[in-house]
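Structure, as structure tokens:
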Amino acid sequence: MKDELSKAYEAQKYETEIYKRWEESGFFAPNKDSKAKPFCVIMPPPNSNGSLHIGHAVFVTLEDIMIRYHRMKGEAALWLPGADHAGFETQVVYQKKLEKEGRNWFHIPREELYKEIWDFTQTNKKVMEGQLRRLGASCDWSREIFTLDERIVKTVNETFKKLYDDGLVYRGERIINWCVKHQTTLSDLEVKHEEKDGALTHIKYSIKNSDKFIIVATTRPETMLGDTAVAVNPKDKRYKNLIGEIVILPLVGREIPIVADAAVEMEFGTGAVKVTPSHDPLDFEIAQRHNLEKIQVIGQDGKMTVAAGAPYAGLKAEEARVKVVEDLRALGLIVKEEPHKHVVGACYKCGRVIEPLVLPQWFIKVKPLTEKALKAVKAGKTKFVTEKFEKIFFHWLKNLRDWNISRQIVWGIRIPVWYRSADAHGKSEEIYVGTEAPKGDGWEQEKDVFDTWFSSSQWPFATLQITGDFKKFYPTSVMETGYDILPFWVMRMLMLGLYATGRVPFQTVYLHGLVRDKDRQKMSKSKGNVIDPLGVVDMYGADALRMALVFGVSAGNDIVISEDKIRAHRNFANKIWNASRFVLMNLGDDSKPTDSAELKKQKLTSADAHMLKRLSEVVKRVTKFLDKFEFHLAAEEIYQFFWHEFCDKYLEEVKPRLQIEGEEKRAAQAVLRETLVSSLKLLHPFMPFVTESVYQMLSGKEKQFLMIEEWPK
RNA sequence: GGGUUCGUAGCUCAGUUGGUUAGAGCGCCACAUUGACAUUGUGGAGGUCAGAGGUUCAACUCCUCUCGGACCCACCA
């Protein structure tokens with residue numbers, strides 16, 4: 001049998017087969033009735049709009065290490081997988097797909113689109129699940145849930161209703177971030193800020209019944225058509241006597257007041273600000289304070305509205321900007337235009353400059369939720385690995401503003417609110433918030449859907465409630481994900497988890513970094529430096545990739561990976577394979593699982609004793625590192641030990657003894673087996689496939705999976 | 001403007017609460033090897049731990065400053 005083994009480990013020959021046997025064994029699912037200590041990780045559900053990238057391989061590796069380790073420790077280890085419909089993200093992907101096919105998104109009926117995207121995601125989901133299997137994810141597939149599962153939708157609607165009843169969600173006409181290309185609002189977190197070269201234009205506004213004027217400075221001259229005031233700082237001596245005066249808005253002729261507001265910076269520009277409540281966040285606030293009229297001069301299409309006036313209506317905002325300046329110049333009202341670098345918000349997907357608009361949207365009043373989250377983390381209910389993320393987290397929580405959860409998209413959970421318009425019943429507009437449609441005629445459901453993160457934020461408790469595991473597994477043990485979604489997801493899961501269940505959703509947050517290439521560059525399709533995890537798995541095996549992703553990477557730091565590094569760990573897998581082959585060849589026919597009783601009978605040489613002593617030290621250290629989430633140290637420890645102590649030293653030392661029958665040979669055999677088997681166990685969470693393949697050969701008749709063997713002590 | 005963080009061998013990074021000759025992977029040099037493995041072994045070169053000051057019996061590790069990066073946030077129009 002031993003001669004059949006090839007000289008080199010051929011990953012592709014074993015991995016798929018082994019995974020199948022693991023899955024069929026049912027050991028991915030924790031025993032429901034066991035009294036064992038629970039250990040639970042909720043998988044961050046991958047987006048079902050494409051295939052897995054290297055970042056997914058990172059979370060699979062880290063979470064699978066944790067799960068396999070705790071499973072071997074005899075705990076009830078649950079890793080609950082899922083797939084994310086990924087609302088806006090998926091809609092963007094699908095829009096691009098339609099564009100390529102020459103179809104127009106906006107011409108397709110809502111229901112039809114929804115159906116199409118549904119099918120699209122379900123296809124992707126299947127591919128993705130296969131890929132997770134290839135990577136060795138030992139998650140419990142019987143519990144897998146899709147984020148649009150009707151039971152999830154129900155939970156999400158109930159949470160919304162509860163928030164509404166508690167006064168924590170409100171519908172507000174507020175200034176929001178509008179993406180003209182995608183025709184939807186975005187939350188503040190989805191807006192990226194970019195520095196752009198622009199101009200600061202100084203414009204003369206003349207004061208009524210006087211020959212005086214006031215000069216305002218703006219980066220968006222076209223919005224002046226919607227001005228309803230000019231604001232100055234109340235402390236500004238230059239303008240003190242102008243406060244309360246009326247200004248005649250050029251080009252428009254509207255009479256607007258000069259108001260005093262502390263939000264105006266005296267040092268910037270001229271110290272006088274034109275106030276356009278409908279198109280600037282600060283101006284909107286000033287307008288609220290001074291009860292100013294709001295005039296919308298830019299529409300959702302990014303073009304000037306009728307309210308902008310005859311020569312401008314219909315022009316794109318950028319075109320209007322040019323024309324407004326021209327017209328003002330013709331009137332001699334442009335004082336100067338100076339080059340000006342300023343920061344503008346842009347859609348995080350398409351990069352197009354955000355158009356601030358006033359629209360009725362649903363907002364979550366964030367303060368009561370952040371306060372609870374802050375308190376819970378400060379009390380140590382949830383710990384961050386590493387601590388630096390706790391600081392960042394606090395900073396986030398303290399500065400968060402109300403969260404717009406309305407999205408004008410198709411792909412998502414429709415907000416469970418119904419309106420009955422005024423003319424239907426002669427009354428003023430009615431609003432109904434509930435999980436089901438209200439009775440009676442004339443009700444129309446809100447067209448907007450939830451921000452995906454609103455439903456995702458409920459994921460830990462929503463899923464466990466569905467699978468019936470809430471009682472045993474909530475709060476979950478570890479939330480493992482990338483640090484880039486700390487504010488989007490982790491923070492909000494804490495907020496909504498605490499709100500809905502009264503308890504934190506997870507005890508530990510472990511955050512990993514971004515994957516970078518060997519030149520420390522972010523991986524992206526456009527740079528052409530992406531490593532396709534599945535391609536790597538085909539070439540070098542999943543174990544090699546997994547090991548390469550943890551080796552030398554401490555928690556929270558970015559992960560540098562190159563083909564060289566993966567190859568190095570493919571070599572390590574091969575080392576494991578060959579060392580095992582050697583041990584097998586020298587064990588004789590009694591290659592049964594390790595038996596420490598048998599070991600005790602042997603007369604050990606000092607080399608044997610040393611080996612066993614080292615083994616026991618390494619077991620302790622690896623265990624300690626795993627408990628402290630120091631995966632890289634655990635990996636390095638067992639790597640060094642196995643290769644350079646066990647293989648390079650002990651194996652070589654013992655070779656002569658194995659040639660001569662006798663007690664020295666038997667002792668060597670016992671130590672070889674003991675050390676190898678324990679090492680395989682320690683290595684298993686990191687490199688599950690090779691270790692299991694080898695173990696299956698070692699264990700002979702009494703076949704049990706290494707996956708569920710007991711963790712060494 | 002606010003925040004976080006980093007600067008250790010040629011490259012990418014470890015270095016647990018401060019404690020003997022500072023480590024790994026890859027790369028490099030020399031040698032060995034048909035005997036578990038060339039996806040190998042043995043040996044080796046290579047670091048004033050960014051710089052300055054301070055605390056200490058002792059600092060890569062703590063404190064301050066300087067220089068130089070990275071990232072995140074942000075309504076000076």
Side-chain angles (χ1 to χ4, degrees), chain A residues 2 5-9 175 177 188-189 191-193 198 200-201 216-221 223 230-231 263-276 279-286 340 342-345 356 386-396 398-401 483-484 486-487 513-514 516-520 522 540 544 547-548 551-554 556-586 621 624-625 628 630 632-633 635-637 639-640 643-644 647-649 651-652 655 659:
Chain A
K2 286 139 206 172
L5 295 185
S6 56
K7 285 187 152 197
Y9 173 59
I175 196 135
N177 310 298
D188 293 338
L189 303 191
V191 176
K192 295 290 141 215
H193 292 85
L200 192 59
T201 307
V216 298
T218 180
T219 54
R220 296 197 64 185
T223 62
V230 169
V264 180
E265 295 286 333
M266 292 190 277
E267 293 76 29
F268 187 85
T270 61
V273 187
K274 53 185 273 323
V275 180
T276 318
H279 301 289
D280 182 276
L282 180 69
D283 295 3
F284 181 84
E285 279 181 23
I286 293 176
H340 178 64
H342 63 143
V343 175
V344 297
T386 62
E387 244 173 86
K388 74 171 176 188
F389 290 116
E390 198 171 293
K391 293 185 202 167
I392 297 173
F393 176 75
F394 286 148
H395 190 251
W396 265 109
K398 285 173 189 157
N399 295 304
L400 202 65
R401 290 184 295 159
Y483 67 67
D484 50 330
L486 171 65
L514 263 43
R516 296 172 180 276
D517 70 8
K518 61 181 190 303
D519 302 317
R520 284 210 116 259
K522 266 189 204 172
Y540 300 110
M547 198 63 167
F551 215 78
V553 182
S554 53
N557 285 334
D558 288 348
I559 300 160
V560 178
I561 193 155
S562 61
E563 206 166 324
D564 274 349
K565 192 173 176 188
I566 298 165
R567 205 178 292 126
H569 288 98
R570 186 271 319 266
N571 294 355
F572 182 50
N574 190 58
K575 193 74 185 175
I576 297 170
W577 175 262
N578 274 295
S580 305
R581 212 156 63 93
F582 174 81
V583 172
L584 262 171
M585 288 159 105
N586 285 287
R621 285 173 62 82
K624 186 189 78 183
F625 288 138
K628 292 170 73 181
E630 293 174 317
H632 63 296
L633 295 180
E636 284 165 27
E637 183 81 22
Y639 177 98
Q640 285 306 319
W643 197 324
H644 301 301
C647 293
D648 290 350
K649 298 218 175 68
L651 236 67
E652 294 301 326
K655 277 179 182 172
Q659 303 308 313

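A note on names: the letters A, B, ... follow the listed sequences, proteins ahead of strands, and every chain is numbered from 1. Because the structure is a prediction, the values reported are computed rather than measured.
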Exercise for review: Examine the base of B:A36 for any acceptor or donor lying under 3.5 Å from a partner atom in the side chain of A:E652, and report the outcome as yes or no.
Suggested key: yes

Review point. With a non-hydrogen cut-off below 4.0 angstrom, is A:A217 in contact with a base, only sugar-phosphate, or nothing?
Key: base

Revision key, fill the gap. A:L651 atom CG is separated from B:U40 atom P, nearest whole Å, by 15 Å

Practice item. Establish, with yes or no, whether the OP1 or OP2 oxygen of B:A14 is under 4.0 angstrom from a side-chain nitrogen or oxygen of A:S554. Key: yes

Point to revise | Earlier contact from the 5' end, RNA chain B, for A:D564 and A:K655 | key: A:D564

Study note, to complete from the structure: note: A:H395, atom NE2; B:G1, atom C1'; distance rounded to Å ~ 11 Å

Practice item. On RNA chain B, check which nucleotide each of A:N571 and A:V191 is closest to and give me the residue with the more 5' one. Key: A:N571

Review point. So which heavy atom on A:G271 is nearest to which on A:V264, and how close?
Key: O-CG1, 3.4 Å

Practice item. Examine B:G3: is either OP1 or OP2 under 4.0 Å from a nitrogen or oxygen in the side chain of A:W396? Give yes or no. Key: no

Practice item. Apply the side chain to side chain contact (heavy atoms under 4.5 Å, CB included) test between A:Y483 and each candidate in A:T386, A:N557, A:L514; give the one that qualifies. Key: A:L514

**Study point:** Minimum-distance nucleotide (side-chain atoms of A:A579 versus B:A36, B:C72, B:A24)
**Key:** B:A36

Practice item. Taking all non-hydrogen atoms of both residues into account, name the closest pair between A:V191 and A:G345 and its distance. Key: CG1-CA, 3.6 Å

Exercise for review: Quick one: label A:K192 by what it contacts on the DNA or RNA (base, sugar-phosphate, nothing), any heavy atom closer than 4.0 Å.
Suggested key: sugar-phosphate

Check your understanding: Taking the C1' atom of each, how far is B:G68 from B:C31, in whole Å?
Key -> 43 Å

Practice item. For nucleotides B:G25 and B:A14, find the distance between their P atoms and express it as a whole number of Å. Key: 16 Å

Exercise for review: Please examine the side chains of A:E630 and A:K624, heavy atoms only from C-beta on, and report whether any two atoms are closer than 4.5 Å.
Suggested key: no

Check your understanding: What string of B, S and - do you get for nucleotides 5-12 of chain B 5' to 3' if you count protein non-hydrogen atoms under 4.0 Å?
Key -> S------S

Let me have the donor-acceptor pairs involving side chains of residues 566-574 of chain A, under 3.5 Å, with sequence neighbours excluded, atom names and distances please.
| residue | atom | partner | partner atom | Å |
| --- | --- | --- | --- | --- |
| A:R567 | NE | A:Y540 | OH | 3.4 |
| A:R567 | NH1 | A:D564 | OD1 | 2.9 |
| A:H569 | ND1 | A:K565 | O | 3.1 |
| A:N574 | OD1 | A:Y9 | N | 2.9 |
| A:N574 | OD1 | A:N578 | ND2 | 3.4 |

Check your understanding: In whole Å, what is the span from the CZ atom of A:R581 to the P atom of B:U39?
Key -> 14 Å

Review point. Mind checking the C1' distance from B:U61 to B:U56? Whole angstroms is fine.
Key: 13 Å

Practice item. Check every strand shown and say whether A:V216 touches a base, only sugar-phosphate, or nothing at a heavy-atom separation below 4.0 Å. Key: nothing

Table of protein N/O atoms under 3.5 Å from nucleotides 16-21 of chain B N/O atoms:
| residue | atom | partner | partner atom | Å |
| --- | --- | --- | --- | --- |
| B:U16 | O2' | A:K628 | NZ | 3.0 |
| B:U16 | O2 | A:K624 | NZ | 3.4 |

Check your understanding: With sugar-phosphate meaning primed atoms plus P, OP1 and OP2, does A:G552 contact a base, only sugar-phosphate, or nothing at under 4.0 Å between heavy atoms?
Key -> sugar-phosphate

Check your understanding: Among all residues two or more places apart in sequence or in another chain, which pass the side-chain contact (heavy atoms from CB on, under 4.5 Å) test with A:F268?
Key -> A:L200, A:E265, A:H340

Check your understanding: Once you round to the nearest 0.5 Å, how far does NE2 of A:H279 lie from OG1 of A:T223?
Key -> 7.5 Å

**Study point:** Atom of A:V216, atom of A:V273 and distance for their closest heavy-atom approach
**Key:** CG1-C, 4.1 Å

Check your understanding: On a whole-Å scale, what distance lies between the P atoms belonging to B:U48 and B:U5?
Key -> 28 Å

Point to revise | Closest approach of A:I559 to A:G513 (non-hydrogen atoms, all atoms of both residues) | key: CD1-O, 4.1 Å

Check your understanding: Out of B:A14, B:A77, B:C37, which nucleotide sits closest to the side chain of A:N578?
Key -> B:C37

**Study point:** Inter-nucleotide C1' distance (B:G3, B:C60), Å rounded
**Key:** 26 Å

**Study point:** side-chain N/O A:H644 vs B:G25 OP1/OP2, d < 4.0 Å
**Key:** yes

Practice item. For A:K274, report the nucleic acid contact type (base, sugar-phosphate, nothing); a contact means any heavy atom under 4.0 Å. Key: nothing

Check your understanding: Closest approach of A:K649 and A:H644, non-hydrogen atoms and distance?
Key -> CG-O, 3.4 Å

Study note, to complete from the structure: CG (A:D283) and CZ (A:R220) are apart, to the nearest 0.5 Å, by 10.5 Å

Practice item. Considering only atom C1', compute the distance from B:G35 to B:U16 and round it to an integer number of Å. Key: 42 Å

Study note, to complete from the structure: Here the distance between atom P of B:G3 and atom CG of A:L400, to the nearest Å, is 18 Å

Review point. OP1, OP2 of B:A77 versus side-chain N and O of A:H340: anything below 4.0 Å?
Key: yes

**Study point:** Phosphate contact (B:G25 OP1 or OP2) by A:H632 side-chain N/O below 4.0 Å
**Key:** no

Review point. Heavy atoms under 4.0 Å, any strand shown: does A:D188 hit a base, just sugar-phosphate, or nothing?
Key: sugar-phosphate

Practice item. Figure out the CZ/P separation between A:F268 and B:G1, and round it to whole Å. Key: 14 Å

Exercise for review: Anything below 3.5 Å on both distances counts as a pair; with that, list the stems of at least three consecutive Watson-Crick or G-U pairs involving RNA chain B.
Suggested key: B:1-7 with B:67-73, B:10-13 with B:23-26, B:28-32 with B:40-44, B:50-54 with B:62-66

Check your understanding: Should A:C647 and A:F582 count as side-chain neighbours, where that means a heavy-atom distance under 4.5 Å?
Key -> no

Practice item. Specify the separation, in whole Å, of atom CH2 of A:W643 and atom C1' of B:G25. Key: 10 Å

Review point. On a whole-Å scale, what distance lies between the C1' atoms belonging to B:A58 and B:U4?
Key: 31 Å

Point to revise | Atom pair distance, as rounded to whole Å: CG in A:D484 and P in B:C73 | key: 10 Å

Review point. Checking all strands, does A:H342 fall into the base, sugar-phosphate, or nothing category for heavy-atom contacts under 4.0 angstrom?
Key: sugar-phosphate

Check your understanding: Is any side-chain heavy atom of A:Y639 closer than 4.5 Å to a side-chain heavy atom of A:K575?
Key -> no

Exercise for review: Check every strand shown and say whether A:Y639 touches a base, only sugar-phosphate, or nothing at a heavy-atom separation below 4.0 Å.
Suggested key: sugar-phosphate

Exercise for review: With the side chain counted from C-beta on, respond yes when A:D280 and A:P356 share a heavy-atom pair under 4.5 Å apart, and no when they do not.
Suggested key: no

**Study point:** A:Y483 OH - B:U4 P separation (whole Å)
**Key:** 16 Å

Study note, to complete from the structure: A:V264 has its side chain closest, among B:A77, B:A36, B:U39, to B:A77

Point to revise | Rounded distance in Å between the C1' positions of B:A59 and B:G15 | key: 13 Å

Practice item. Have a look at A:N399 and say if it touches a base, only the backbone sugar-phosphate, or nothing, with a 4.0 Å heavy-atom cut-off. Key: nothing

Check your understanding: Below 4.0 angstrom from OP1 or OP2 of B:C37, is there any side-chain N or O of A:K575?
Key -> no

Exercise for review: Tell me, please, which residues at least two apart from A:E285 pass side-chain contact (heavy atoms from CB on, under 4.5 Å).
Suggested key: A:R289

